Colleague: 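Mind looking over this structure? Questions follow.
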Amino acid sequence: MQSKPYLREHPDPAGYFGTYGGASVPPELAREMEKIHEAYQTIGNSHDFIMKLRDIREHFQGRPTPVYYAKRLTEQIGGARLYLKREDLNHTGAHKLNHCMGEALLASYLGKRKLIAETGAGQHGVALATAAAYFGLDCEIHMGEVDIAKEHPNVVRMKILGATVVPVGVGQRTLKEAVDSAFAAYLTDPVNSIYCIGSVVGPHPFPMMVRDFQAVVGIEAREQFQQMTGWLPDHVVACVGGGSNAMGIFSAFIDDPTELWGVEPLGVGTKLGEHAASLTYGHDGDLHGFRSIVLENPDGTPAAVHSVASGLDYPSVGPEHAYLNKTLGRTHAAGASDAEAIDAFYRLSRLEGIIPALESAHAVAYAIKLAKAKPYQSILVNLSGRGDKDIDFVYETYPPPDAAPPSDPVGGH
Ligand SMILES: *Cc1c(COP(=O)(O)O)cnc(C)c1O
């Protein structure tokens with residue numbers, strides 16, 4: 001998997017990408033991280049593991065997902081050609097299953113019986129519950145009570161798939177408390193259970209493992225794009241929450257001349273609490289066991305964040321993104337606001353018949369801005385997920401201009 005010079009050399013043996021990353025966790029957790037790392041290096045690099053994962057990807061997930069030329073969108077924008085890597089067509093409708101199946105396969109090799117994780121909007125919880133069902137493992141998802149009330153369909157999905165949803169009722173009752181609760185549950189039985197993180201974040205080895213499991217997106221897309229056009233794309237664009245879908249596609253192009261754009265949620269304004277753009281507005285700091293760029297209050301606590309896309313509202317970013325952007329200058333930190341993402345959501349739906357996830361709509365929105373400035377070039381967008389989960393919210397909160405007034409009977413004849 002790690003055949004490229006950059007990937008072979010990063011992270012360093014201690015899990016650092018330059019000054020970012022590492023594993024600053026309590027000793028009992030550090031020992032578990034070390035065991036997972038060792039298992040990943042041995043089992044994860046065995047022929048048997050690699051073949052099993054390939055089989056799962058082809059026959060269960062539906063990989064490879066296609067690269068698609070968005071002709072009508074390209075013609076409407078009138079600039080660079082726009083191509084989409086269709087991760088929305090991956091089973092469960094997003095890229096998250098790529099690393100969940102990898103993490104769960106490793107867990108099954110290790111003889112673990114239970115997968116534990118937190119979830120915010122529920123997307124990671126659903127993907128992990130799916131992986132647990134596939135492998136016949138127990139699954140325990142910790143979720144803040146506020147999120148449980150907000151994300152009802154995903155809570156139902158997890159329960160149908162056989163997962164236990166543990167409500168977290170302390171503090172703000174959202175993602176941060178859910179992380180603490182999931183870690184605590186994991187530490188009560190680290191022998192029989194394993195913690196499965198949802199992005200390229202957390203202590204080493206998770207940012208590396210999740211990147212490697214997501215690298216399939218970039219490996220496929222690079223080859224497909226070349227087969228389709230004869231060239232490499234001039235630009236690759238992906239949204240960045242924690243950064244797993246972006247690292248997945250970027251990782252195949254780091255040694256190429258292709259420009260890489262990580263699109264952060266600019267939300268509704270530039271003040272703390274109005275966005276979740278860590279690379280754009282954040283500073284060096286520590287969160288959840290790793291060093292990266294964080295959005296902090298003056299007192300050093302993690303800042304409240306906002307994005308119309310709940311999968312992007314995290315007050316930090318994976319350490320490798322911090323390194324590629326701040327240290328190496330290899331990636332650009334770009335952004336799209338709530339309003340731009342909503343506009344892109346409707347454009348892609350109506351011009352191409354593809355309803356994108358609101359997270360992915362941020363990448364499309366920035367690609368549209370970039371396309372206008374780069375005629376005759378090509379842009380490959382990672383369409384990280386489909387928008388089924390967002391349709392009710394968008395239609396009610398940002399109805400299309402030609403929508404029937406809410407008082408009209410819907411679907412009447
Ligand atoms: C969770 C999610 C994201 C954000 O996660 P990353 O780790 O930044 O990729 C993006 N798109 C979709 C569809 C998601 O579900």
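Quick caveat, the model's predicted, so the values are computed rather than measured. What you see below is based on every heavy atom in this structure, not just the backbone, and it leaves out hydrogens, waters and symmetry mates. Each ligand, and each atom within it, is numbered from 1 in the order the structure gives. In what follows, residues are counted from 1 in the order of the sequence shown.
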Colleague: Does Q214 have a non-hydrogen atom less than 4.0 Å from ligand 1?
Modeller: no

Colleague: Please list, in number order, the atoms of ligand 1 under 4.0 Å from a heavy atom of C239.
Modeller: 10 (C)

Colleague: H204 vs H37 aromatic rings, parallel, tilted or perpendicular, using cut-offs 30° and 60°?
Modeller: perpendicular

Colleague: Are more than 12 heavy atoms, taken from residues, nucleotides or ligands other than K369, located less than 6.0 Å from that residue's NZ atom?
Modeller: yes

Colleague: In plain terms, say whether K35 and E38 are close enough for a salt bridge, that is, a side-chain N and a carboxylate O under 4.0 Å apart.
Modeller: no

Colleague: For ligand 1, find out whether one of its N or O atoms is nearer than 3.5 Å to an N or O atom of S360.
Modeller: no

Colleague: N/O to N/O below 3.5 Å, does that happen between V240 and ligand 1?
Modeller: no

Colleague: To which protein heavy atom is atom 4 (C) of ligand 1 closest, and what is the distance rounded to 0.1 Å?
Modeller: G311 O, 3.3 Å

Colleague: Keeping T397 on the side-chain end and F393 on the backbone end, is there a donor-acceptor pair under 3.5 Å?
Modeller: yes

Colleague: Does an N or O anywhere in G241 fall below 3.5 Å from an N or O of ligand 1?
Modeller: yes

Colleague: Looking at K326 and D284, is any side-chain nitrogen of the basic one under 4.0 Å from a carboxylate oxygen of the acidic one?
Modeller: no

Colleague: By number and element, which atoms of ligand 1 are closer than 4.0 Å to a non-hydrogen atom of G385?
Modeller: 13 (C)

Colleague: Could you pull out the closest heavy-atom pair between R291 and P319, with the gap in Å?
Modeller: O-CB, 3.7 Å

Colleague: Name the residue from H152, R157, K150 that meets the side chain to side chain donor-acceptor pair (under 3.5 Å) definition with N154.
Modeller: R157

Colleague: Would you call K389 and E151 a salt bridge, taking side-chain N to carboxylate O under 4.0 Å as the test?
Modeller: no

Colleague: Below 4.0 angstrom from a heavy atom of A357, which ligand 1 atoms are there? Numbered from 1 as shown, please.
Modeller: 13 (C)

Colleague: Can you figure out which of Q123, K96, H95, E87 has its heavy atom closest to atom 2 (C) of ligand 1?
Modeller: K96

Colleague: Consider every N or O of G198 and every N or O of ligand 1, then say whether any pair is closer than 3.5 Å.
Modeller: no

Colleague: So which protein heavy atom does atom 11 (N) of ligand 1 come closest to, and at what separation?
Modeller: S384 OG, 2.7 Å

Colleague: Could you find the nearest protein heavy atom to atom 6 (P) of ligand 1 and give me its residue, atom name and distance?
Modeller: S244 N, 3.3 Å

